[in-house]
Amino acid sequence: MAYTLNNEQLSAVQNTEGPVIIIAGPGSGKTRVVTERIAHLINSGTSGQNILALTFTNKAANEMKKRVHSITNNQDAFSIWMGTFHSIFAKILRKEAIKIGYTNNFTIYDNEDSIKTIRRIIDNKNLDKEIYNPKYIFSKISFLKNHLISDTKYFEQIDLIKNDKINNQEEFKNIYQQYVKICQTSNAMDFDDLLIKTYDLFKHHVETLKKYQTLFQYILIDEYQDTNKVQDAIVKQLSKKHQNICIVGDDSQSIYSFRGANINNMLQFKNYFKTVKEFKLEQNYRSTKNIVKVANILIEKNKNKINKRIFTNQEEGEKIKLFEYYNDREEGDKTAEKIQESIYKNKTNRDEYAILYRTNSQSKAVEDGLRKRGISYKIFGGLSFYQRKEIKDILAYLKLITNHHDDTALLRIINYPSRGIGLTTVEKLNEIANKEQTSIWSILNSEKIDQLKINSSTKNKLHNFKNLICDFHTKINEDLFTTSQFIVKKTQIIDKLKENLNEENINRLENISELFNTIKFFSIKETNNSITDFINEISLDENHDQKEINNTEHVSLMTLHQSKGLEFKYVYILGVENGLFPSQKKTKHQTDIEEERRLFYVGITRAIKNVCISYALNRFKFGTVINSSKSCFIEEIEHLLNIDNITKYNTTYKNQSLLNKNKHYINKQKNKSSLDYNPLKKLKKISSDIYRDKRLLKIGQKIKHNIFGIGEITNIDLSDGNEKIKVIFQNSGEKILLTKFAKFEIIE
DNA sequence: CGGTAGAATATTTTT
DNA sequence: TATTCTACCG
């Protein structure tokens, strides 16, 4: 990226006043333009706190802050309001919570929390879960919220209600209303609430809106093609005063309509603001001519788009390759083999390879192949660290002591670890809280509890639970690490897991250790390290694993969605089959097909040097094999691809097909008997600190940490009772680790 | 109330 | 196949 800015890029950087739209094709140096633009503002004397920059991930925001800082050499870069819509608005909402009937320690519900809440409502109403599928109800509510149709508004939508009647879902409106109410009494917001509550706040509190309108002199929003209606509305609220608003995006890369994203926000920007300056970044600095050609031909099939033509001055490069495989296993295996060969032949690093797929579940087959060959890899996404059961359990304690009314947290732990409060009791509590329209905690604290038909021993247990939480609450202002340790000790969560050291529990214990490590880091690193701050950060921090690992060399595995904004030298796109990609559910409507095509476009344009596309003729789904065929998208570009391998492969495959079936079976048996490696447990198995003898540590000792790699101990600190070691890692620099929790092994 | 075994169900994509 | 739910027994 050592090129200087081209004219169009330069104009995009320097035109800071008034509404600006930057249409930035893939690889067009967009990130650089955005960064330079912000740096330019800072250099021209704008104070960081007067700039609002909304990005698509928090990771991108942090990197950008650092870059702006290094360009400007101005500490002000760190005071820019930069982050995702959700995290910035959460920050604002915590400040202004009182105005909208919340307190500033409100809880943020993730999707699992929301669905659990909805399931509870459906249970309470004794509705048929076949008709009222909690997941479906949740996505419907989410859709409505993102389109600014509140529960009260919904009651006025005659056609929607009529529709529910036809579908035998008359109760939906009441579920929606109840869900909103429970979130309120629980002092909790789901992801969508973070947006709509902000919108409502600004709508109903003019003085607050004015405050932020004045504060944000310059507003910049990246990936505007993936904003939804609420986000668009808030942006319009905020930019009204100064109108220094710059939106950046590429309509051809809009891939999030399932969560309400609407390309039209971008397409209609020019109609809303009258004097919009438009810049088109059409030169691609990333990919070869061959890649750009295929991408262009593909996206041309889409009707709804802004006209532009991406071009590149990079080398011609190789043709994109197409492979056909017998089944998904073979696809995974051969892909791993190809990567191994390529690493050897081209002398490249593993981190220059990415394997992309449509659904998370597809990672398994490739993982097997990579593992077999000892190629280290890293799966992005999937089940995030903070979504694991054992982690959520502990976090639920932290949530509950800061916000007693968080019913979801309470229900999660009222009987975990089991303390004799069973389902029947919980149901009774739930029922009365529901009837009184209040939180369960309020019930526990009122005389209502005496009216319940619960025997005295259970009542006593409830009483003890209440006291336990109150006891924890008194520690709320102490150090976060101390508090959480106290909780774990008092509840005996760890002790109980240790009683039965099976593989699963060992894994849980390791994850809990990892959590404590994070907590310790957090309380050392952050100045305001209250429980609320911690919860806030992790609730919106999508991927814990992904940040820490960036120094180890590994092949990246991720969904096509997650690959947005990234680039790799070599990209492998797997499972390009009808029914999978485009997804079965997206083949009906033209707009859906177009979005899937954009997703393919995103995948292809991640590559710098080459892309390999593959599909399999048979694929495992729900444990059974189903036939599949190559995607209709391939047909659109097939004349540009290198298909040499297809015909060659087909002749051998027929003879092998029977053999493969047997092989598959044998492999399966083998895997079962040998120490089974569960991909979900990933890298966590490298060492088990529960058994490690820590007395052997001394300065100069070499250790191997499962995240930071190999390093040498340079200091040992016993001052506060917890042994801390300072380690200089070869690749990750200096780290302070708590021996009690860090996962590493002693080497040599 | 707690634990477990066998049955049912799920695969789009994510802040 | 892998995870979650349900029914039943102690």
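Here is the naming used below: chain letters follow the sequence lines, and residue numbers restart at 1 for every chain.
- By the 5.5 angstrom centroid cut-off and the 30-degree plane limit, A/Phe620 is classified as not stacked against the base of C/dT1.
- Side-chain contact of A/Thr227 with A/Asn265: a donor-acceptor pair under 3.5 Å is present, judged by distance alone.
- The separation between A/Arg619 atom CZ and B/dT12 atom C1' is 13 Å, rounded to whole Å.
- Nearest approach of A/Ser563 to A/Arg606, heavy atoms of both residues: O-CD, 3.1 Å.
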Quiz prompt | Working for side chain to side chain donor-acceptor pair (under 3.5 Å), residues A/Tyr179 and A/Asp190 | solution = CA-CA 11 Å; A/Tyr179 174 68; A/Asp190 65 19; 2.8 Å; yes
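- Residue contacts for A/Phe85: at a heavy-atom cut-off of 4.0 Å it reaches no nucleic acid atom on any strand shown.
- Side-chain proximity of A/Lys389 to the nucleotides B/dT15, C/dT4, B/dT12 is greatest for C/dT4.
- When the nearest nucleotides of DNA chain B are assigned to A/Asn133 and A/Asp192 by heavy-atom distance, the more 5′-ward of the two goes with A/Asn133.
- A donor-acceptor contact under 3.5 angstrom links the side-chain atoms of A/Asn111 to the base of B/dT15.
- Side-chain N/O atoms of A/Gln562 include none lying less than 4.0 angstrom from OP1 or OP2 on B/dT13.
- A distance-only check finds no donor-acceptor pair linking the side chain of A/Arg508 to the backbone of A/Ile494 [under 3.5 Å].
- Residue-level contact check: A/Arg119 touches the backbone only, with heavy atoms under 4.0 Å from sugar-phosphate atoms and none from bases.
- A/Ile115 places its CD1 atom 16 Å from the C1' atom of C/dC5, with the value rounded to the nearest Å.
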Quiz item: What's the verdict on side chain to side chain donor-acceptor pair (under 3.5 Å) for A/Ser142 and A/Asp192, showing C-alpha distance, side-chain angles and the deciding distance?
Solution: CA-CA 7 Å; A/Ser142 175; A/Asp192 302 319; 2.8 Å; yes
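- The backbone N or O of A/Ile255 lies less than 3.5 Å from a partner atom in the side chain of A/Asp226, making a donor-acceptor pair.
- Side-chain N/O atoms of A/Thr559 include one lying less than 4.0 angstrom from OP1 or OP2 on B/dT14.
- In this entry the distance linking CG of A/Leu599 with P of B/dT12 reads 14 Å, nearest Å.
- If you check B/dT14, C/dC5, C/dA2 against the side chain of A/Lys364, the one that comes closest is C/dA2.
- Contact check, A/Lys585 against B/dA10: no side-chain N or O comes under 4.0 Å of OP1 or OP2.
- In this structure, A/Leu54 atom CG and B/dT15 atom C1' are separated by 13 Å, rounded to whole Å.
- What separates CZ of A/Phe258 from C1' of B/dT14 is a distance of 5 Å, to the nearest Å.
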When you compare the protein's N or O atoms with those of nucleotides 7-10 of chain C, which come within less than 3.5 Å of each other, and at what distance?
none

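- Going from atom NZ of A/Lys116 over to atom C1' of C/dT4 covers 11 Å, rounded to whole Å.
- The shortest heavy-atom contact between A/Leu298 and A/Tyr601 is CD2-N, 3.7 Å.
- Listed pair A/Asn360 / B/dT14 meets the phosphate criterion, a side-chain N or O lying under 4.0 Å from OP1 or OP2.
- Pairing each heavy atom of A/Leu444 with each of A/Lys466, the nearest pair is O-CD, 3.7 Å.
- Across B/dT11 and C/dT6, the matching P atoms stand 16 Å from one another, rounded to whole Å.
- Between the CZ atom of A/Phe600 and the P atom of B/dT13 there is a distance of 18 Å, rounded to whole Å.
- A donor-acceptor contact under 3.5 Å is formed by the side chain of A/Arg358 with the base of B/dT12.
- When the C1' atom of B/dT11 is taken as reference, atom CG of A/Leu560 falls 15 Å away, rounded to whole Å.
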Name the pairs: protein N/O against N/O of nucleotides 1-5 of chain B, kept only if under 3.5 Å.
unit_1: B/dC1; atom_1: OP1; unit_2: A/Gly422; atom_2: N; d: 3.1
unit_1: B/dC1; atom_1: OP1; unit_2: A/Thr425; atom_2: OG1; d: 2.5
unit_1: B/dC1; atom_1: OP2; unit_2: A/Thr424; atom_2: N; d: 3.3
unit_1: B/dC1; atom_1: OP2; unit_2: A/Thr424; atom_2: OG1; d: 2.3
unit_1: B/dG2; atom_1: OP1; unit_2: A/Gly420; atom_2: N; d: 2.7
unit_1: B/dG2; atom_1: OP2; unit_2: A/Asn415; atom_2: ND2; d: 2.8

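- Residue A/His561 places its side chain closer to B/dT14 than to any other of C/dT4, C/dC5, B/dT14.
- Ionic pairing of A/Lys392 and A/Asp113 is present here: one or more N-O contacts between side-chain nitrogen and carboxylate oxygen are shorter than 4.0 angstrom.
- Between the C1' atoms of B/dT12 and C/dC5, the separation comes to 23 Å (whole Å).
- An OP1 or OP2 oxygen of B/dT11 is reached within less than 4.0 angstrom by a side-chain nitrogen or oxygen of A/Lys135.
- The phosphate of B/dT11 has neither OP1 nor OP2 within less than 4.0 Å of any side-chain N or O from A/Lys621.
- Contacts of A/Lys461 classified as side chain to side chain donor-acceptor pair (under 3.5 Å), with partners at least two apart in sequence or in another chain: none.
- Annotation: cation-pi geometry not satisfied between A/Lys197 and A/Tyr102 (NZ/CZ under 6.0 angstrom from ring centroid, within 45° of ring axis).
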